[in-house]
Amino acid sequence: MLDPWRLKLLGDLAALGTVRAVAQAAHLSPSTVSQQLAVLEREAGARLFERAGRRLRLTDAGQTLARHARTILDQMETARAELAGDASAPAGRVTIGAFTSAANTFVLAAIRRLRAETPRLRIDIRELDPTESVPALRRGACDIAVTADLFDGTAPVDEEIRHTPLGTDPVVLVTASGAGAGPVDLASYAGALWSAERPGTWTHDLITRACRRAGFEPDVTALFASYGPLLAHVEAGLSVTLLPGLAVDPRYDVTAHPLHEPLERRITAAVRASAANRPAIATTLAALREAAG
């Protein structure tokens, strides 16, 4: 009999790559994770792992079981929900992973509505950059990932993940207030100082790629972990930046300029195909669509 908890550890190993990373995610010691994976290997009756130096690597059998693990866990959750009467009144817990500007706006509105209308349904939320949310969804760290494509539409296709369109969001050039708010040519800001979120985030990648497309490398003078200090830096006249429209907080005295060559991101709610039919997830998706619309 395969233990569900150990299957989750296996899925985490496939997604995160190391026993240490799995241990950190599960709040366990690496030795405990290794012991539990060894027990799972005995339960499966197949060789799931092999040593590669100090690392534990999945065999072909291990990769096969890891691929099925998330589906098995989702089916068990669906069965629990049905036994609890979820079909007539959605119940249980759904975790949403959402990027900052979505979490601050329409996701918040959707959660407020769900709390009022479906009291047996608990919605948890995790703030996740679009580069983090779908990997978190795959390993089961969230049930719905509110995410966004880069403006060139290069998001990978994954048959195990279903995307529900929620809308589009234009990318704008953000400057200190005082300048006109009309469309701007990005190339005219080649000599400006730029601010951005930390490297590896969606917005940092956006700025780098958009500026290169306009023919220059951005001179980044400031890096931040969140939009608040970034917008304060722009507000002070110390830099300019590119942000999606949703991220421009009206509490800051800045000007958002549309671009002569428009860019926009496509916002979607992603779910695992194996969990898409859970009534609690379907109800949450419907609320997100309405709030985003």
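Any value given below was found using the heavy atoms of this structure, including those in side chains, with hydrogens, waters and symmetry copies removed.
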Any chance you could lay out the side-chain contact (heavy atoms from CB on, under 4.5 Å) test for Phe99 and Arg265, step after step, and finish with the verdict?
-> CA-CA 13 Å; Phe99 56 87; Arg265 62 178 176 177; 3.2 Å; yes
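- One distance of note links OG1 of Thr203 with CG of Leu230; it measures 7.0 Å at 0.5 Å rounding.
- Between Ile144 and Leu285, some side-chain heavy-atom pair lies under the 4.5 Å cut-off.
- Between Leu173 and Leu259 there is a side-chain heavy-atom pair separated by less than 4.5 Å.
- Salt bridge absent: Glu160 and Arg138 never bring a charged side-chain N and a carboxylate O closer than 4.0 Å.
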List the steps and the verdict of side-chain contact (heavy atoms from CB on, under 4.5 Å) for Thr175 and Tyr189.
-> CA-CA 11 Å; Thr175 68; Tyr189 286 82; 4.2 Å; yes
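- Proximity of a side-chain donor or acceptor of Ser188 to a complementary backbone N or O of Asp185 within less than 3.5 Å is detected.
- For Glu261, the CD atom is loosely surrounded, since the number of other residues' heavy atoms within 6.0 Å does not exceed 12.
- Glu132 is not listed as a side-chain neighbour of Thr201, based on a closest heavy-atom distance of 4.5 Å or more.
- Rounded to the nearest 0.5 Å, atoms CG (Asp149) and OG1 (Thr168) are 11.5 Å apart.
- Between Thr208 and Pro218, the shortest heavy-atom distance links the atoms CA-CG, 4.3 Å.
- Residue Val271 is not grouped with residue Ile161 when hydrophobic side chains (ILVMFWY) are merged at heavy-atom distances under 4.5 angstrom, including chains of intermediate members.
- Contact of the Ile123 side chain with the Arg115 side chain is not registered, since no non-hydrogen atoms from C-beta on lie closer than 4.5 Å.
- Tracing side-chain contacts under 4.5 Å through hydrophobic residues (I, L, V, M, F, W, Y), one reaches Leu114 starting from Phe106; they form part of the same cluster.
- Paired with Asp12 under the rule side chain to side chain contact (heavy atoms under 4.5 Å, CB included), one option of Leu7, Val22, Val33, Val19 passes, and it is Val22.
- Separating the CD atom in Glu235 from the OH atom in Tyr252 is a distance of 7.5 Å, to the nearest 0.5 Å.
- Between Arg113 and Ala287, the shortest heavy-atom contact is NH1-CA, 4.0 Å.
- One finds a salt bridge joining Glu217 and Arg212 here, because a Lys/Arg side-chain nitrogen approaches an Asp/Glu carboxylate oxygen to under 4.0 Å.
- Of all heavy-atom pairs spanning Ala210 and Leu186, the tightest one is O-CD2, 3.7 Å.
- Taken together through direct or relayed side-chain contacts under 4.5 Å among Ile, Leu, Val, Met, Phe, Trp and Tyr, Leu206 and Leu231 form parts of separate hydrophobic clusters.
- Between Arg57 and Phe49 there is no side-chain heavy-atom pair separated by less than 4.5 Å.
- Note: Leu246 CG to Tyr227 OH = 9.0 Å, rounded to the nearest 0.5 Å.
- Put simply, the side chain of Asp129 gets close to the backbone of Trp202: a donor and an acceptor are under 3.5 Å apart.
- Nearest approach of Arg6 to Leu37, heavy atoms of both residues: O-CD2, 4.5 Å.
- For Thr118 (side chain) and Leu121 (main-chain N/O), no donor-acceptor pair under 3.5 Å exists by modelled atom type.
- Between the CG atom of Asp219 and the OG atom of Ser195 there is a distance of 11.5 Å, given to the nearest 0.5 Å.
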Given salt bridge (Lys or Arg N to Asp or Glu O under 4.0 Å), test Arg93 with Asp143 step by step and report yes or no.
-> CA-CA 9 Å; Arg93 177 179 292 193; Asp143 300 299; over 6 Å; no
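- Scanning all heavy atoms of the two residues, the minimum distance from Ala61 to Ala46 falls at CB-CB, 4.5 Å.
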Check the pair Val248, Val172 against side-chain contact (heavy atoms from CB on, under 4.5 Å), reporting the backbone distance first and the verdict last.
-> CA-CA 9 Å; Val248 184; Val172 294; 3.9 Å; yes
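- Here the closest non-hydrogen pair linking Gly62 and Leu10 is O-CD2, 4.2 Å.
- Looking at heavy atoms from C-beta onward, Thr241 lies in side-chain contact with Ile207 at the 4.5 angstrom threshold.
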Verify salt bridge (Lys or Arg N to Asp or Glu O under 4.0 Å) between Glu41 and Arg47, making sure each step is shown before the conclusion.
-> CA-CA 6 Å; Glu41 191 169 48; Arg47 188 177 177 216; 5.4 Å; no
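- Thr32 places no side-chain N or O within donor-acceptor distance of the main-chain N or O of Leu28, the cut-off being under 3.5 Å.
- Counting heavy atoms from C-beta outward, Ser239 and Trp194 have side chains that stay 4.5 Å or more apart.
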Ser226 and Thr100: side-chain contact (heavy atoms from CB on, under 4.5 Å), yes or no, with the steps?
-> CA-CA 8 Å; Ser226 60; Thr100 306; over 6 Å; no
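- Classification of Asp169 and Arg266 as a salt-bridged pair fails, no side-chain N sitting under 4.0 Å from a carboxylate O.
- At distances below 3.5 Å, not a single donor-acceptor pair connects side-chain atoms of Arg126 with backbone N or O atoms of Ile96.
- To the nearest 0.5 Å, the span separating CD1 on Ile281 from CZ on Arg162 amounts to 11.0 Å.
- The closest side-chain heavy-atom distance from Leu56 to Arg51 is below 4.5 Å.
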